[in-house]
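Reviewing the structure listed below.
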Amino acid sequence: MQRPEPTMRASKFLIATLKETPSDAEVISHQLMLRAGMIRQSASGLYSWLPLGLRVVRKVEKIIREEMDSVGSQEVLMPSVQPAELWKESGRWEEYGPELLRIKDRHNREFCLGPTHEEVITDIVKKELRSYKQLPVNFYQIQTKFRDEIRPRFGVMRSREFIMKDAYSFHISKSSLQDTYQDMFDAYVKIFDRLGLDYRPVIADNGSIGGSGSHEFHVLASSGEDDIAFSDQSDYAANVESAEALAPTEARAEATQALTMVDTPNAKTIAALVEQFDLPIEKTVKTLFVEAADDSDFEIVALLVRGDHQLNEIKAEHCAQVKEPLTFATPEQLLSNIGASAGSLGPINLKVPVIIDRSVATMSDFSAGANIDDKHYFGINWERDLALPEIADLRNVQEGDPSPCGTGKLSIKRGIEVGHVFQLGLKYSEAMNATVLDENGKSKNMYMGCYGIGVTRIVAASIEQNHDDNGIIWPANLAPFQIALVPLNYDKSTEVRDTTDALYQALTAAGIEVFLDDRKERPGVKFADMELMGMPHRVVISDRGIKAGTFEYKGRCDTEKQDISSTDACQYLVEKIRA
RNA sequence: CGGGGCAUAGCGCAGUUUGGUAGCGCAUCUGGUUUGGGACCAGAGGGUCGUAGGUUCGAAUCCUGCUGCCCCGACCA
């Protein structure tokens, strides 16, 4: 009889399972990936993929390839080491900062380890494409990226070296870019559906690159590093950093209190002020000072948000008067410009520009610092005590806020960013002079889009969503193997061995990826390992069962095992697996 | 880069306070008994105690420098 191939046999496959949880793994996916023997760490943020883990990576890549190919994106492979010249041409050699790992070769020429590939692909496209007739085009690659993260963490979730699918599209017009952007968005939906993830596309910030459209795809998980705001009554979802906080609809109430200055020596924070003077927190205002834009006549600018609200730094940066990147004023700057210290700051008697949040504009009878140390004003009212300043959306949305889409209220959940689609526009094609001739024979910069998926991060994200006390629970499309055969007494019982091998052959012939646990281990050890590694289906073959004409079957999520007839087991299992 | 913690056998840890030359559990190897949920008995191997220096008759232990890793804040797939 033909025996199973070595790589599918547990006795020849590296099973590097760990009983105990390594102490430096914080999140569940990191713990389980180490315990299941999928990865090992080489240095902070650098991991090796062991055979089991790599099989899962390949499953993710396969799905991505199929969907990318089906929307007409062409696969390429670019170098991970890139020449500095390209980055200097785009301006990012200076812009990118220390996250870009720069290296020199033996001739002292400068290179970097590629964190992304806009420069390389733009350089290729500008050299190869001449005419608008060749557009649009779309290229993708699945490749190792390197970003010298300040703080790698959570295992493969935020590592320095990681595998990413990145795609870049080129267009003669904005509308063509928007068409491809939509195609890519749709492809991403298919990819994340097939990956079996609980995810949401969310509206994202365009960052400093600008451009008109950007969506992130987030896997919902409590260990996520981003806050996502959802409408409870529509499809609206946005990263909190870019979710609009609507202006309150109710008009400002009439003033009822007189403006009074109060001694508040022990109230340096809103929390202390609220507690000591029994004020509603919605009647207090936080005043934050940040550095003013370089072309401003002032050194600093005041930003006001309600006491219970959080300043949104990205929104603040978008104000013309505010310096980018956002920089908080130093105590010295406060003293020289205001004459008071943090803890007693407010909008009255200021000689610097003031921008207030929309919700602050509708407040009345509120309190804020007096710009005199240890004093606050109570009963402040706009247009009576001071003029209404410039109004802007400055705060983070909160749970319960009305949704910016107009229907429903917002709730906030944590998300792991696993994908990003982005309309880049002309940034790189202008900087690098990437042009084609249009139908009038005129040279035109190409519009660009870029589209990323974090391949290795998806593996971790999937585990965050799919596990139990016994280990990983792989969705069908990601499982390293589709089924585990666990024979008992495989080494001693000819019956068991022949029956197991026959079932193996039959399942393999049906196109199933079978893992055969032929180790000389006690049953409990095998069961525990198969569950830890997340095998979706398990069949136990024993002398006892063979005599009764049955195998024992258990799905990874089933609570009960069941006996199945050994005569039509193969067909039954194939149906189970394909279901 | 700032703040905090850790570094002793492959993994998880004790020993450090009070210096006397390293131990426990798991794993590994050998023999035996076991064999449907991480077995048991007997035996064995494995550590320049992260690294460099200092104090001391003597350092895992006390002192100093360095390195690595992890956690909390700014980046992003």
Side-chain angles (χ1 to χ4, degrees), chain A residues 16-27 30-31 34-35 37 40-46 60 64 96-100 115-117 142-167 188 192 204-205 207-209 214 216-219 224-226 239 241 313-314 325-328 415-422 450-461 470-471 486-493 496 519-532 538 540-545 551-552 554 561 563:
Chain A
T17 52
L18 263 28
K19 262 193 220 179
E20 288 176 281
T21 303
S23 57
D24 52 7
E26 182 84 352
V27 295
H30 188 198
Q31 294 174 358
L34 289 168
R35 286 229 292 135
R40 286 295 183 263
Q41 186 181 51
S42 295
S44 181
L46 300 177
V60 176
I64 293 173
Y96 215 88
E99 209 172 302
L100 184 66
T116 173
H117 281 68
I142 295 177
Q143 191 228 23
T144 297
K145 298 278 187 275
F146 191 93
R147 294 181 189 171
D148 200 357
E149 294 279 348
I150 297 168
R151 188 153 96 79
R153 66 183 130 173
F154 300 157
V156 119
M157 200 111 92
R158 175 174 300 280
S159 51
R160 292 192 290 178
E161 195 180 282
F162 57 99
I163 300 172
M164 175 171 156
K165 187 285 298 177
D166 48 324
Y188 274 35
F192 293 118
D205 183 66
S208 47
I209 302 173
S214 172
E216 293 168 347
F217 287 75
H218 281 262
V219 163
E225 299 182 79
D226 288 286
N239 198 309
E241 65 188 24
E313 301 192 6
I314 290 174
L326 191 79
T327 315
F328 283 96
I416 302 166
E417 186 186 356
V418 291
H420 199 160
V421 291
F422 206 109
C450 68
Y451 319 93
I453 292 181
V455 174
T456 40
R457 181 180 281 182
I458 280 172
V459 176
N470 294 323
V486 183
L488 305 181
N489 249 335
Y490 186 84
D491 58 315
K492 296 223 180 87
S493 164
V496 167
R519 292 177 297 169
K520 282 172 70 174
E521 288 288 353
R522 297 170 67 81
V525 173
K526 297 186 182 187
F527 297 156
D529 277 347
M530 294 306 106
E531 280 161 9
L532 178 57
R538 183 187 83 193
V540 180
I541 301 105
S542 66
D543 282 310
R544 198 175 74 193
F551 300 143
E552 178 197 287
K554 185 176 176 297
K561 20 194 176 201
D563 287 330

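Quick note on labels: first sequence line is chain A, next is B, and so on, each numbered from 1.
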inquiry  = Can you work out whether Ala43(A) or Ile163(A) has the more 5'-proximal nearest nucleotide on RNA chain B?
reply    = Ala43(A)
note = Letter by letter from the 5' end, nucleotides 2-8 of chain B scores (B base, S sugar-phosphate only, - none; protein heavy atoms under 4.0 Å) -------
task = Give Asn489(A) one of three labels, base, sugar-phosphate or nothing, depending on what nucleic acid heavy atoms sit under 4.0 Å from its own.
result = nothing
query = By centroid distance (under 5.5 Å) and plane angle (under 30°), are Phe162(A) and rA77(B) in a stacked arrangement?
reply = yes
key: Rounded distance in Å between the P positions of rU18(B) and rC62(B)   = 9 Å
inquiry  = Counting only side-chain nitrogens and oxygens, does Gln41(A) get under 4.0 Å of the OP1 or OP2 atom of rC70(B)?
reply    = yes
ask   = With both distances kept under 3.5 Å, what pairs with rU35(B), Watson-Crick or G-U wobble?
value = none
message = Do Lys520(A) and Tyr490(A) have side chains that approach each other closer than 4.5 Å (heavy atoms only, starting at C-beta)?
response = no
key: rA22(B) versus rG47(B) - spacing of their C1' atoms, nearest Å   = 9 Å
request  = Measure the shortest side-chain to side-chain distance between Arg519(A) and Lys526(A) over non-hydrogen atoms and say whether it is less than 4.5 angstrom.
outcome  = yes
task = Please state whether the base of rG38(B) and the side chain of Glu521(A) form at least one donor-acceptor pair under 3.5 Å?
result = no
ask   = Taking atom C1' in both rC76(B) and rG23(B), what distance in whole Å separates the two?
value = 46 Å
message = Students often get this wrong, so: under 4.0 angstrom with heavy atoms, is Thr21(A) touching a base, only sugar-phosphate, or nothing?
response = sugar-phosphate
query = At under 4.0 Å between heavy atoms, what does Ser159(A) touch on the DNA or RNA strands: base, sugar-phosphate, or nothing?
reply = base
key: Mate of rA42(B) where both pairing distances stay under 3.5 Å, Watson-Crick or G-U   = rU30(B)
inquiry  = Evaluate Glu225(A) against Arg158(A) for salt bridge (charged side-chain N to carboxylate O under 4.0 Å, His left out), listing each step before the verdict.
reply    = CA-CA 10 Å; Glu225(A) 299 182 79; Arg158(A) 175 174 300 280; 3.2 Å; yes
request  = Report yes or no: is the cationic atom of Arg538(A) (NZ for Lys, CZ for Arg) under 6.0 Å from the centre of the six-membered ring of Phe527(A), at an angle within 45° of the ring normal?
outcome  = yes
ask   = Does the side chain of Arg153(A) get closer than 4.0 angstrom to OP1 or OP2 of rG73(B) through an N or O atom?
value = yes
query = How would you label the contact of Val525(A) with the nucleic acid (heavy atoms, under 4.0 Å): base, sugar-phosphate, or nothing?
reply = base
task = Indicate, with a heavy-atom threshold strictly under 4.0 Å, whether Asp529(A) touches base, sugar-phosphate, or nothing.
result = base
inquiry  = Counting the atoms with a prime plus P, OP1 and OP2 as sugar-phosphate, which does Arg538(A) contact under 4.0 Å by heavy atoms, base, sugar-phosphate, or nothing?
reply    = base
task = Return the 5'-most residue of the pair Glu417(A), Ala528(A) with respect to RNA chain B, ranking by each residue's nearest nucleotide.
result = Ala528(A)
ask   = So what's rA59(B) paired with, Watson-Crick or G-U wobble, going by both distances under 3.5 Å?
value = none
message = Using OP1 and OP2 only, check whether a side-chain N or O of Arg522(A) sits under 4.0 Å from rA39(B).
response = yes
inquiry  = Among residues at least two apart in sequence or on other chains, which ones pass ring-ring contact (aromatic ring centres under 6.0 Å, His included) with His117(A)?
reply    = none
ask   = With a non-hydrogen cut-off below 4.0 angstrom, is Leu18(A) in contact with a base, only sugar-phosphate, or nothing?
value = nothing
key: From rC1(B), rC75(B), rA77(B), nucleotide with atom closest to Glu99(A) side chain   = rC75(B)
key: Within-4.5 Å side-chain heavy-atom neighbours: Val486(A) and Met530(A)   = yes
ask   = When you check the phosphate oxygens OP1 and OP2 of rC13(B), does a side-chain N or O of Ser23(A) lie under 4.0 Å from one of them?
value = yes
Any Lys19(A) side-chain N or O less than 4.0 Å from OP1/OP2 of rA27(B) = yes
task = Using both distances under 3.5 Å as the test, list the Watson-Crick or G-U wobble partner of rA7(B), or none.
result = rU67(B)
query = At under 4.0 Å between heavy atoms, what does Val455(A) touch on the DNA or RNA strands: base, sugar-phosphate, or nothing?
reply = nothing
query = So what does Lys520(A) hit on the nucleic acid, given a heavy-atom distance under 4.0 Å: a base, only sugar-phosphate, or nothing?
reply = nothing
remark   = As its Watson-Crick or G-U partner within any shown strand, both distances under 3.5 Å, rG2(B) has rC72(B)
query = Are Asn239(A) and Glu216(A) close enough that a side-chain donor and a side-chain acceptor fall under 3.5 Å?
reply = yes
ask   = Glu149(A) near the nucleic acid: base, sugar-phosphate alone, or nothing, with a heavy-atom cut-off under 4.0 Å?
value = base
query = Phe527(A) CZ to rU35(B) C1': how many Å, rounded?
reply = 11 Å
key: Selected nucleotide, minimal atom distance to Lys492(A) side chain, candidates rU35(B), rG37(B), rA77(B)   = rU35(B)
Side chain to side chain contact (heavy atoms under 4.5 Å, CB included) against Ala528(A), all qualifying residues, sequence neighbours excluded = none
ask   = Which one, rC11(B), rC71(B), rC76(B), comes nearest to the side chain of Phe154(A)?
value = rC71(B)
ask   = Out of rG38(B), rC75(B), rG37(B), which nucleotide sits closest to the side chain of Arg158(A)?
value = rC75(B)
ask   = Is any side-chain heavy atom of Ser44(A) closer than 4.5 Å to a side-chain heavy atom of Arg151(A)?
value = no
note = Winner on side-chain proximity to His420(A), out of rA77(B), rC71(B), rG37(B), is rA77(B)
request  = Could you please name the partner base of rU16(B), counting Watson-Crick and G-U wobble pairs only when both distances are under 3.5 Å?
outcome  = none
query = Picking from rA77(B), rG37(B), rC75(B), which would you name as closest to the side chain of Glu225(A)?
reply = rC75(B)
Phe154(A) vs His30(A) side-chain heavy atoms within contact, under 4.5 Å = no
request  = Could you tell me whether Glu531(A) contacts a base, only the sugar-phosphate backbone, or nothing, with contacts defined as non-hydrogen atoms closer than 4.0 Å?
outcome  = base
request  = Take atom CZ of Phe146(A) and atom C1' of rC76(B), then tell me their distance rounded to the nearest Å.
outcome  = 14 Å
